[in-house]
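Basis for what follows: all heavy atoms, side chains included, without hydrogens, waters or symmetry-related copies. Owing to the predicted nature of the structure, the values given are computational and were not obtained by experimental measurement. In what follows, every chain begins at residue 1, and chains take the letters A, B, ... in the order their sequences are listed.
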There are 2 protein chains.
Amino acid sequence: LLRIEGLTKTYWQGASAVHALDGIDLSVSAASFVAIMGPSGSGKSTLLSMMGLLDLPDQGEVWLSGQAVSHLSDDRRTLLRRERIGFVFQNFELIPTLTAAENILLPAELTKQAGKARTRLEGLAGLLGLSGRLGARPHQLSGGQQQRVAIARALIMNPLLVLADEPTGNLDSKSGQAVLEILREGVDLQGWTVVMVTHDPAAALYADRVVFLRDGRVVGEGDPRHE
Amino acid sequence: LLRIEGLTKTYWQGASAVHALDGIDLSVSAASFVAIMGPSGSGKSTLLSMMGLLDLPDQGEVWLSGQAVSHLSDDRRTLLRRERIGFVFQNFELIPTLTAAENILLPAELTKQAGKARTRLEGLAGLLGLSGRLGARPHQLSGGQQQRVAIARALIMNPLLVLADEPTGNLDSKSGQAVLEILREGVDLQGWTVVMVTHDPAAALYADRVVFLRDGRVVGEGDPRHE
Ligand SMILES: Nc1ncnc2c1ncn2[C@@H]1O[C@H](COP(=O)(O)OP(=O)(O)OP(=O)(O)O)[C@@H](O)[C@H]1O
Ligand SMILES: Nc1ncnc2c1ncn2[C@@H]1O[C@H](COP(=O)(O)OP(=O)(O)OP(=O)(O)O)[C@@H](O)[C@H]1O
Ligand SMILES: [Mg+2]
Ligand SMILES: [Mg+2]
């Protein structure tokens with residue numbers, strides 16, 4: 001479903017270069033669950049933003065469902081992203097003036113599919129332990145509640161590709177497990193493709209495959225259950 | 001060093017009450033390391049903000065070094081906080097227009113002790129793996145790098161009391177261990193008092209004592225190494 005070849009991204013800090021991605025090749029089959037692990041600063045969030053068409057690489061290409069996508073126009077990338085990709089940001093990125101429910105339904109509003117999403121909202125909120133907090137604004141929610149709102153927003157449109165950047169970092173083990181089970185079930189029952197960045201080896205156990213990053217490169221991979 | 005009695009805090013969501021803290025009693029000895037754990041939404045961040053004099057309880061009192069502090073004037077609480085407390089926020093709260101170095105030195109600037117802090121900056125940044133990133137602004141840093149900048153800012157003035165809200169949530173195990181070792185050494189060698197909220201049982205192992213919260217109350221406590 002998702003293929004990446006020769007992906008390179010360099011940021012400039014004054015005169016010095018930060019090689020955030022240094023030639024990444026990666027293939028992700030449809031309906032699979034991949035975990036990405038690696039040290040802080042190794043390029044995980046940058047890689048995920050390339051997969052999510054949020055940012056353009058300096059070199060290399062991203063294919064989504066066989067279509068080369070990383071050099072499409074802004075508008076076309078935005079359209080693709082809204083229709084097919086659910087993105088959970090490392091810093092949640094919730095809109096402070098909207099309630100939890102409005103934040104979650106935002107992708108649906110933007111793609112004119114609000115009706116379908118509203119029917120799913122209650123069930124999804126229930127699974128994530130957010131019932132009763134849907135009317136609150138982000139600053140009125142705990143860190144873990146905000147993280148779960150960000151997760152619900154990524155999942156509300158039953159996306160083809162779910163990209164989750166450390167989705168359980170602020171969650172206790174019980175809420176974290178609930179999230180990982182939702183992702184696993186989405187893959188097994190709904191055919192989602194999930195790519196999850198995580199620092200937690202226990203979270204990686206829910207994936208079919210783990211890819212290890214270091215200094216902007218893939219340095220290894222394996223099956224989390226047969227190491 | 002720190003004592004809390006009968007602490008209560010209720011937030012209002014329209015007509016319904018959220019009992020964030022529901023009568024908390026807690027004592028923390030000087031030069032000790034306490035971990036606070038509990039489900040998402042159980043009141044950990046709210047409790048920490050009371051301890052840090054960032055917020056006022058509805059009922060109850062907080063004593064710092066024997067002085068009742070929670071009902072002092074805003075100015076007096078701000079002064080105490082700046083002189084004696086280092087606070088690591090769950091969402092980092094870095095100032096986007098300042099560099100990492102400027103963010104870290106901010107407490108020192110505010111208390112006119114910039115000289116002392118500058119001599120400590122390099123060593124602390126080195127321990128936290130931030131050397132070379134000190135000139136970057138927050139949006140140019142990875143999630144874990146931002147978290148480490150927030151930690152450095154809390155520690156730069158060698159504070160009496162360190163309050164850390166999930167300080168390793170965005171860190172890989174190696175960076176996380178470095179942070180926990182810095183906190184442990186601060187307690188053992190510099191006499192810091194550290195209260196750390198965490199979801200990670202491995203992080204709690206560095207503490208002398210774990211306090212468990214649920215629905216705004218203390219429901220248990222223990223020695224993390226002799227459970
Ligand atoms: N300003 C506010 N207005 C309304 N409710 C609030 C406000 N701040 C916190 N709450 C609620 O108080 C409860 C406790 O919040 P708190 O942030 O202390 O939880 P927490 O234990 O830190 O959770 P987490 O592990 O998710 O960070 C939550 O239900 C939260 O939604
Ligand atoms: N806009 C930017 N300008 C300059 N450098 C950047 C920018 N964005 C990211 N970087 C740098 O690129 C490197 C990779 O960042 P990235 O956010 O992908 O790391 P990460 O693996 O997600 O780390 P973490 O586990 O801490 O979240 C880091 O060294 C970071 O400082
Ligand atoms: Mg990241
Ligand atoms: Mg919290």
Worksheet item: Are the side chain of A:His199 and the backbone N or O of B:Gly169 linked by a donor-acceptor pair below 3.5 Å?
Response: no
Worksheet entry | Toward chain A: residues of residues 33-44 of chain B with heavy atoms under 4.5 Å | B:Gly38, B:Pro39, B:Ser40, B:Gly41
Worksheet entry | Over 12 foreign heavy atoms within 6.0 Å of CD, B:Gln13 | yes
Worksheet item: Any side-chain heavy-atom pair from B:Val18 and A:Arg133 closer than 4.5 angstrom?
Response: yes
Worksheet entry | Side chain, backbone, both or neither of B:Gln146 within contact of chain A (heavy atoms, under 4.5 Å) | side chain
Worksheet item: Would you find more than 12 non-hydrogen atoms of other residues, nucleotides or ligands less than 6.0 Å from A:Arg214 atom CZ?
Response: no
Discussion item. Counting only non-hydrogen atoms closer than 4.5 Å, does B:Asn170 touch chain A with its backbone (N, CA, C, O), its side chain (CB onward), both, or neither?
Written reply: both
Discussion item. Under 4.5 Å from any heavy atom of chain A, what part of B:Gln145 do you find: side chain, backbone, both or neither?
Written reply: both
Item to complete: Report the option among A:Ser16, A:Ala20, A:Gly129, A:Ala136 that has the most heavy-atom pairs separated by less than 4.5 Å from atoms of chain B.
Response: A:Ala136
Discussion item. Take a 6.0 Å sphere around CG of B:Asp215 and say whether it holds more than 12 heavy atoms from other residues, nucleotides or ligands.
Written reply: no
Discussion item. Is B:Ser175 close to chain A through its backbone or its side chain, or both, or neither, when contacts mean heavy atoms under 4.5 Å?
Written reply: side chain
